[in-house]
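None of the values given here were measured: they were computed from a predicted structure. Residues: numbered from 1 along the sequence shown.
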Amino acid sequence: MDQAVTIKAKLLNIDDQTTHAFIKTMTAYRDACNFVSQYVFDHDFEFRFSQLNQALYHDLRDLFGLKSQMAQSVIRNVVARYKTIKTQLKQTPFRYNTGEKDAQGHAIWSRIPRDLTWLWRPVKFKRLQLDLQRNRDWSYLNTSSQLSLNTLMGRKKVDFVCKNFDQYLDASRWKFGSIKLLQFKNNWYIHLSATMSLPEYELKQTQHIVGIDRGLRFLAACYDEQGQTLLCSGQKVLRTRRKYKKLRAQLQAKDTKSAKRRLKKIGQRENRFISDVNHRLTKTLVDHYGPNTIFALEDLTNVRFATEKAAKKRRYEMVSWTFYQFEQFLAYKANLNSSTVVKVSPRFTSQRCPKCGRIRKENRNHELHLYICDECGYKSNDDRLAAMNIQFLGEQYHKGVKIPKFTKLRSAEQTWQVNGYRQLSDDAASEAEVARRYNRYLVKIDESCKP
C-alpha cells in the first residue's frame, strides 16, 4: 500500500527577477489549462491522455510557449480536475421532493444521478499555479540544500524552509513526486508530494478497537475496547467560528472599501483554523491509542444534515464542519502509524442501547444530550453512546463481518405473532407482560451483530 503525503514549504529570498519568472510561467500554465479545459468540454469530455496529447501538444507549445514536460502536466492537471468533479457529481445526485408522502407521513424524495453533462460551462482555472515534475522540472540540490525550479526563463535556485524535511530525504522510504508552486499574498510556497510504501494492515495485528463519533458539541467522542471514553470538546471551536461569522456579516453589511479590504485580509483564515484543529485532533488520537489500532468511523457519504429543524443561528455550524477532512487526516496518520480506519453504517448508532440492544428513537433526548433506555434503564451521554455502538461495529469488522450494521425489524408484528403471542396465549400471561415482550420484538439486530 502506498501512502502519499503533502509537504508544505515556504520559499525564501525570492528576488524580483525570480518573481517575474514565476508569475510569467504560472500565467502561461493557467491559460493553457483553460485552453485544454475548453477542448475537453467541447469534445464530450475526452479523457484519454494519448488522444489529448496528440491533439493539443503542439498547440500548447506554440501558443503558450510551454516546455515539453509542462505541456504534459497541463493535460494531466485538467483531466484530474474533471475526474474529481465527475466523482463529486456522482456522490451528490440531484434530489427533489415528489410531493408524495410515505406511510409515516414523511415526504418522499427522488434522486437523479448526475454526471459531467450537467456542467453548463467548462471548468475555469483562476488561481495562478504551476505543476513541476520530479527530475525534469525540479530537483533538490544536496550540496546547497536548495530547490532548482524550471521556468520559461530558465531554472531558478531558491532557498526554502520546512520543518523536519530531512526525514523525507531517505530514498529507501520516501519517493518524491511533483511540486505545485503557489503564491499567497506576497509569499511563495510549494506543495511537494511524497509517497511511502507501507505493508497492508492485517486484522490479526490489532491491539485496540476505537469507535469515534464525530459532532459539533464534541468534535470526537471516542470509546475503546477497555471501556474507556475520551471526549474532545468543540465549544471553543464553535465560539471561534461564530466570531468569524459575525465579523463577516458586519463587514458585508457596511459594504465600504475599508470593509472589503478587511474581508480580503481575513481571506481563508477560518478554513486554515479548521484544518489546524483537525490536524491536531487526529494527531492526538493516533498518538494516544498507539499503533495496531482500528479506528471505526461512521460512513457519512450522502448523509444530509437537515437544517429545517435547527435554529437559524446554528445552521451554519451544522452544514459547514469538515467531517470528511477529519476522516482523511485520521486515515493517513493512522496508516503511517501501523493502524487503519474503517467505515461502518451510521444507521441507529445513536438510537441503540449498547446493553440490551433496544433501538428506539424516542429514547434519545437531544436537549439534555442524554439517552435513557426504556427497556433496561441504561443511561449515557448520547455522543458517548454513539461511540460505543460504533466501537461494537468495529469489533464485528475485526471478527470478519464485511459490512457490520444494525437493522430494525420490518415485520415486527408477524415475528411477534409467531414467537411471542402464541406462547403467551398458552401461558395466559398478563397484559403487561404481553406488552413488554411485544416491545422486545420491535427491534432485531443482524445475526452477525448480536452482542
Donor-acceptor contact below 3.5 Å, side chain Gln3 vs main chain Val5: no
So how far is it from Trp109 CH2 to Phe94 CZ, rounded to the nearest 0.5 Å? 9.0 Å
So which atom in Phe295 and which in Val286 form the shortest heavy-atom distance, rounded to 0.1 Å? CZ-CA, 4.2 Å
To check you understand the geometry: which heavy-atom pair defines the closest contact between Ser338 and Tyr201, and what is its length? O-CE1, 3.5 Å
Could you check Asn135 against Phe176 for side-chain contact (heavy atoms from CB on, under 4.5 Å), going step by step and ending with a plain yes or no? CA-CA 10 Å; Asn135 292 330; Phe176 286 139; over 6 Å; no
Close side-chain approach of Tyr82 to Leu119, heavy-atom, < 4.5 Å: yes
Looking at Ala221 and Ala387, what are the two nearest heavy atoms and their distance? O-CB, 3.1 Å
Any chance CZ of Arg121 has more than 12 other-residue heavy atoms, nucleotides or ligands included, within less than 6.0 Å? no
Hey, does Glu270 have a side-chain heavy atom less than 4.5 Å from the side chain of Arg248? yes
Taking atom types as modelled, is there a side-chain donor on Arg114 or Thr92 under 3.5 Å from an acceptor on the other? yes
CD1 of Ile209 to CD of Glu395, rounded to nearest 0.5 Å, is 5.0 Å
Is the number of heavy atoms from other residues, nucleotides or ligands under 6.0 Å of Asp44 CG greater than 12? no
Grab the two heavy atoms, one from Gln351 and one from Tyr371, that are nearest each other, plus how far apart they are. O-OH, 2.8 Å
Counting neighbours of CD on Gln54 that are heavy atoms of other residues, nucleotides or ligands and sit closer than 6.0 Å, is the number greater than 12? no
For Phe41, give me all partners under ring pair (Phe, Tyr, Trp, His ring centres under 6.0 Å), at least two apart in sequence or on another chain. Phe45
Within the 3.5 Å criterion, strictly below it, is a donor on Ser197 or Asp2 matched to an acceptor on the partner's side chain? yes
Kindly indicate whether the side chain of Phe47, heavy atoms from C-beta on, has any atom under 4.5 Å from the side chain of Leu116. yes
If only atom types and distance count, is the side chain of Tyr289 paired as donor or acceptor with the main-chain N or O of Ile294 below 3.5 Å? no
With a 3.5 Å distance limit and no angle check, can you tell me whether Asp383 reaches the backbone of Gly215 through a side-chain donor-acceptor pair? no
Checking the side chain of Thr349 only, and the main-chain atoms of Ser345 only, is there a donor and an acceptor separated by less than 3.5 Å? no
With a sphere of 6.0 Å drawn around NZ of Lys175, does it hold more than 12 non-hydrogen atoms of other residues, nucleotides or ligands? no
Going by the rule salt bridge (charged side-chain N to carboxylate O under 4.0 Å, His left out), which residues pair with Glu100 if we only count those two or more places apart in sequence or in a different chain? none
For Arg364, give me all partners under salt bridge (charged side-chain N to carboxylate O under 4.0 Å, His left out), at least two apart in sequence or on another chain. Asp382
Output for pair (Gln205 CD, Glu200 CD), nearest 0.5 Å, gives 10.5 Å
Working note: Phe326 + Leu285, criterion side-chain contact (heavy atoms from CB on, under 4.5 Å); need CA distance, chi angles, decisive distance, verdict. CA-CA 11 Å; Phe326 176 94; Leu285 294 178; 3.9 Å; yes
Determine whether a donor-acceptor pair (N or O, by modelled atom type, separation under 3.5 Å) exists between the side chain of Ser339 and the backbone of Asn335. no
For His106, does its backbone N or O pair with a side-chain atom of Asp102 as donor and acceptor, under 3.5 Å? yes
Going by heavy atoms in the side chains, are Tyr223 and Asp213 under 4.5 Å from each other? no
Any side-chain heavy atom of Ile190 within less than 4.5 Å of one from Leu181? yes
Compare every heavy atom of Ala220 with every heavy atom of Ile212, then report the nearest pair and how far apart it is. CG2-CB, 4.0 Å
Listed partners of Arg280 passing salt bridge (charged side-chain N to carboxylate O under 4.0 Å, His left out), at least two apart: Asp276
Donor-acceptor list for residues 226-238 side chains, cut-off 3.5 Å, not counting sequence neighbours:
from, atom 1, to, atom 2, distance (Å)
Thr229, OG1, Arg384, NE, 2.9
Ser233, OG, Gln235, N, 3.4

So with a 6.0 Å cut-off around OH of Tyr189, is the heavy-atom count from everything else above 12? yes
For Lys86, look at atom NZ and say whether over 12 heavy atoms of other residues, nucleotides or ligands are found less than 6.0 Å away. no
Can you measure from CG (Leu251) to NZ (Lys264) and round to the nearest 0.5 angstrom? 15.0 Å
Would you please say whether a donor-acceptor pair under 3.5 Å links the side chains of Asp15 and Thr18? yes
Any side-chain to backbone donor/acceptor pair from Arg173 onto Tyr168? Under 3.5 Å, distance only. no
Backbone N/O of Val123 and side chain of Ser37: donor-acceptor pair under 3.5 Å: yes
Taking salt bridge (charged side-chain N to carboxylate O under 4.0 Å, His left out) as the test, write out the residues that go with Glu327, two or more places apart. Arg214, Lys343
Could you check Ser68 against Arg61 for side-chain contact (heavy atoms from CB on, under 4.5 Å), going step by step and ending with a plain yes or no? CA-CA 7 Å; Ser68 176; Arg61 295 291 305 273; 3.6 Å; yes
Would you say that Asn150 contacts Arg155 through its side chain, given a criterion of any heavy-atom pair below 4.5 Å between the two side chains? yes
Testing Asp131, Leu56, Val79, Val36 one by one against Val74 for a side-chain contact (heavy atoms from CB on, under 4.5 Å), which residue passes? Val36
Just by distance, do the side chain of Asn34 and the backbone of Phe125 share a donor-acceptor pair under 3.5 Å? yes
Against the six-membered ring of Trp138, is Arg134 placed for a cation-pi contact (under 6.0 Å from the centre, within 45° of the normal)? yes
Do the non-hydrogen side-chain atoms of Leu130 and Phe22 ever get within less than 4.5 Å of each other? no
Working to the nearest 0.5 angstrom, can you tell me the gap between Leu11 CG and Leu182 CG? 10.0 Å
List the atom of Ser172, the atom of Asp170, and the distance in Å for their closest heavy-atom pair. OG-OD1, 2.6 Å
Any sub-3.5 Å donor-acceptor pair from His279's side-chain atoms to Phe329's backbone N or O? no
Could you give me the CA-CA distance, side-chain angles and deciding distance for Phe406 and Arg347, then say whether side-chain contact (heavy atoms from CB on, under 4.5 Å) is met? CA-CA 6 Å; Phe406 303 116; Arg347 290 177 60 84; 5.9 Å; no
How long is the span from the CD1 atom in Ile179 to the OG atom in Ser73, to the nearest 0.5 Å? 12.0 Å
In this structure, which one of Leu300, Asn278, Leu219, Leu297 forms a side-chain contact (heavy atoms from CB on, under 4.5 Å) with Phe323? Leu300
Determine whether Tyr244 and Arg269 make a side-chain contact, defined as any pair of heavy atoms from C-beta on separated by less than 4.5 Å. yes
